[in-house]
A.B. asks: 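I am attaching a structure below and will ask some questions about it afterwards.
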Number of protein chains: 2
Amino acid sequence: MALGNVLLVALLHKEATGYEITREFDSTLGHFWQASHQQVYRELGKLESEGLVAYRDIKQEGRPDKKRYRLTANGRRALKAWLQEPPATRRVNDELLVKILGGEIVGAEMLQAHIAAKRIEQEHRLELFQGIEREYYKGSKLEDLSTEMRLLYLTLRKGIFVAQAFVDWAREAESLLRRGRIV
Amino acid sequence: MALGNVLLVALLHKEATGYEITREFDSTLGHFWQASHQQVYRELGKLESEGLVAYRDIKQEGRPDKKRYRLTANGRRALKAWLQEPPATRRVNDELLVKILGGEIVGAEMLQAHIAAKRIEQEHRLELFQGIEREYYKGSKLEDLSTEMRLLYLTLRKGIFVAQAFVDWAREAESLLRRGRIV
DNA sequence: TCACAATATGCAATAGGTTGCATAAGGAGG
DNA sequence: CCTCCTTATGCAACCTATTGCATATTGTGA
């Protein structure tokens, strides 16, 4: 049910088509949750059959028709109930750590390469997040921003803290491996 | 295929039964990867049919018989190939962040409660990790430990960095919410 | 001109994970 | 004594996610 509720959150402030929500999963929303367009369309259909969302057909010329979805009163109620439940803990699945544990049979250089690749990924995320922080939050006071922007600030800060921690760890780990202290 | 390879890593240093591996998923290995006993048994059967592991039947009195699995030469080769592939990036699915984004309809107190619950969870993890670090690593030099213990040290350090970052973020977020700066 | 990206939706098959249930014997605690 | 936990394995049904494919048109770049 999690994905369904994420779609309800996406429809909280504005109506949208499945295509638009899918694109949001590639941008801001994608830092919290990811889903393919097939998942989005299937789940919107399910939500519609449960009466949690409704859609209007939009005829278009030269482009495919589309369905503009909106939250129903029932949808809002269901979302509120879900938001009040404590967030489920996700199963841990950290492929990098498993590969480190198998480091004996691939050697230090391979581990360094794997860790460095992830570090660079996180460094890019970090720069992106810090750029957003500078552009949208450093100039103005929180109270001058919309509630949505203030909530996004909390999530942005989480991204910064966690990405920075990963980068710090990776540097330490790479240094230990480089100096032959591990394998 | 990821789970199968995790099982191969678990069998790298010692033979084990499905039951024993399942218990490891509740302890050390569980910090990297989690799987249910049903998953473990099913996957071991699959690995066996592919010739990557083999088992010996162990008859027991007063207890159920068991199957002691070990890695085959083919299994070790397959594992090595997998360890050399760059770790796959996992889909982002952060329910807490989604719930924060929906904070407008549940209010600041509810968000604080959700964040505090996760923070306490991470504080416990952090204490556990720091305890392990003190007990196993602070007293002796890395070079006096086994390779496996040294590799585990890298993963332990990751746990510490990331858990600490989460706790730091959560304190900041809780403080902002408490002071009514967000919702 | 030809191929490809963007817009817009979706079905079908497969893979992977969760939940519920089953079996069976011994030991611990109330 | 009765129930629950531990040991030890596994099947079956279900839910969720991934991958591949399909359709149709307009605009863009090589």
Side-chain angles (χ1 to χ4, degrees), chain A residues 1-8 10-11 15-27 30 32-50 53-69 82 88-95 98, chain B residues 1-8 10-11 15-27 30 32-50 53-69 82 88-95 98:
Chain A
M1 261 298 84
L3 174 59
N5 286 295
V6 177
L7 295 179
L8 297 182
L11 292 171
E15 306 190 352
T17 66
Y19 189 79
E20 284 160 5
I21 295 178
T22 300
R23 272 186 315 172
E24 280 185 53
F25 278 124
D26 293 328
S27 56
F32 315 151
W33 204 274
Q34 287 170 354
S36 64
H37 69 100
Q38 292 94 333
Q39 267 180 289
V40 171
Y41 290 126
R42 199 200 298 131
E43 195 72 23
L44 281 172
K46 215 173 109 192
L47 292 172
E48 199 269 333
S49 77
E50 293 167 345
V53 300
Y55 68 87
R56 239 176 352 115
D57 273 305
I58 313 266
K59 297 246 145 63
Q60 294 194 123
E61 308 245 325
R63 298 194 161 183
D65 297 346
K66 52 184 177 180
K67 299 178 173 182
R68 184 159 297 276
Y69 284 90
W82 179 76
T89 311
R90 226 189 146 197
R91 245 177 49 261
V92 177
N93 278 168
D94 194 326
E95 208 173 301
V98 175
Chain B
M1 259 301 83
L3 173 59
N5 286 294
V6 177
L7 295 180
L8 298 182
L11 292 171
E15 306 190 353
T17 65
Y19 189 80
E20 284 159 5
I21 296 177
T22 300
R23 272 186 315 172
E24 279 185 54
F25 278 124
D26 292 330
S27 57
F32 315 151
W33 205 275
Q34 287 169 354
S36 65
H37 69 100
Q38 293 95 333
Q39 268 179 288
V40 171
Y41 289 126
R42 199 201 295 133
E43 195 72 24
L44 281 172
K46 216 173 108 193
L47 291 173
E48 200 269 332
S49 77
E50 293 166 345
V53 300
Y55 68 87
R56 238 175 353 115
D57 273 306
I58 313 265
K59 297 249 146 67
Q60 294 195 120
E61 309 244 325
R63 298 192 162 187
D65 297 345
K66 52 185 175 179
K67 298 179 174 180
R68 183 157 298 276
Y69 284 90
W82 179 75
T89 312
R90 226 189 147 197
R91 248 182 44 261
V92 177
N93 277 168
D94 195 326
E95 208 173 300
V98 175

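The shown structure was predicted, so the numbers you read here are calculated from the model rather than taken from an experiment. Naming: A, B, ... by sequence-line order, numbering from 1 per chain.
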A.B. asks: Pick the closest DNA chain C nucleotide for A:R23 and for A:N93 by heavy atoms, then say which residue is nearer the 5' end.
C.D. replies: A:R23
A.B. asks: Between B:Y69 and A:E43, just flag the one whose closest nucleotide in DNA chain D comes earlier from the 5' side.
C.D. replies: B:Y69
A.B. asks: Which one, D:dG10, C:dG17, C:dT19, comes nearest to the side chain of B:S36?
C.D. replies: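 Out of D:dG10, C:dG17, C:dT19, the nucleotide with an atom closest to B:S36's side chain is C:dT19.
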A.B. asks: Tell me: CD of A:Q60 to P of D:dG27, nearest whole Å?
C.D. replies: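 These atoms are roughly 13 Å apart.
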A.B. asks: Would you say that B:Q34 contacts B:Q39 through its side chain, given a criterion of any heavy-atom pair below 4.5 Å between the two side chains?
C.D. replies: no
A.B. asks: Any side-chain heavy-atom pair from B:R68 and B:T17 closer than 4.5 angstrom?
C.D. replies: yes
A.B. asks: With a 4.5 Å heavy-atom cut-off, do A:F25 and A:L7 have their side chains touching?
C.D. replies: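 Side chain of A:F25 against side chain of A:L7, heavy atoms only: contact under 4.5 Å found.
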A.B. asks: May I have the distance from A:M1 (atom CE) to D:dC14 (atom P), rounded to whole angstrom?
C.D. replies: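 In whole Å, D:dC14 P and A:M1 CE are 17 Å from each other.
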A.B. asks: Rounding to a whole Å, what distance do you find between B:D65:CG and D:dG10:P?
C.D. replies: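 Taking CG of B:D65 and P of D:dG10, I get 11 Å after rounding.
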A.B. asks: Could you tell me whether the phosphate oxygens of D:dT16, OP1 or OP2, come under 4.0 Å of any side-chain nitrogen or oxygen in B:R91?
C.D. replies: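 No, no such contact exists.
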A.B. asks: What is the distance, rounded to the nearest whole Å, between atom CD1 of B:I58 and atom P of D:dA8?
C.D. replies: 10 Å
A.B. asks: Would you tell me if any nitrogen or oxygen in the side chain of A:Q38 comes within less than 4.0 Å of OP1 or OP2 on C:dT9?
C.D. replies: no
A.B. asks: Under 4.0 Å, counting only non-hydrogen atoms across every strand here, what does B:T22 touch: a base, just sugar-phosphate, or nothing?
C.D. replies: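 B:T22: no heavy atom of the nucleic acid under 4.0 Å.
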A.B. asks: For the pair made of NE2 in A:H37 and P in C:dA8, what is the distance, rounded to whole Å?
C.D. replies: 14 Å
A.B. asks: Between atom CD in A:E15 and atom C1' in C:dA8, what is the gap in whole Å?
C.D. replies: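 Answer to the nearest Å: 17 Å.
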A.B. asks: Do B:V98 and A:W82 come close enough that some side-chain heavy atom pair is under 4.5 Å?
C.D. replies: yes
A.B. asks: Tell me whether the OP1 or OP2 atom of D:dT7 has a side-chain N or O from B:Y19 closer than 4.0 Å.
C.D. replies: yes
A.B. asks: Measure OH/B:Y55 against P/D:dA8 and give the value in whole Å, please.
C.D. replies: 16 Å
A.B. asks: Nearest heavy atom decides the nucleotide; on that basis, is B:W33 or A:K66 closer to the 5' end of DNA chain C?
C.D. replies: A:K66
A.B. asks: Tell me: CG of A:L47 to P of C:dG10, nearest whole Å?
C.D. replies: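 Atom-to-atom, A:L47 to C:dG10, this comes out as 13 Å.
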A.B. asks: Counting C-beta onward and ignoring hydrogens, is there a side-chain heavy-atom pair between A:F32 and A:V6 closer than 4.5 Å?
C.D. replies: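 Side chain of A:F32 against side chain of A:V6, heavy atoms only: no contact under 4.5 Å found.
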A.B. asks: Does D:dT18 have OP1 or OP2 under 4.0 Å away from a side-chain N or O of A:Q39?
C.D. replies: yes
A.B. asks: If you compare every side-chain N and O of B:K46 against the phosphate oxygens of C:dA15 (OP1, OP2), does one of them come in below 4.0 Å?
C.D. replies: no
A.B. asks: From the set D:dA12, D:dT16, D:dG10, return the single nucleotide nearest to any side-chain atom of B:Y41.
C.D. replies: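 Of all the options, the side chain of B:Y41 is nearest to D:dG10.
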A.B. asks: With a 4.0 Å limit, can you tell me whether B:R42 has a side-chain N or O closer than that to the phosphate oxygens OP1/OP2 of D:dC11?
C.D. replies: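 For D:dC11, OP1/OP2 do not have a side-chain N/O of B:R42 under 4.0 Å.
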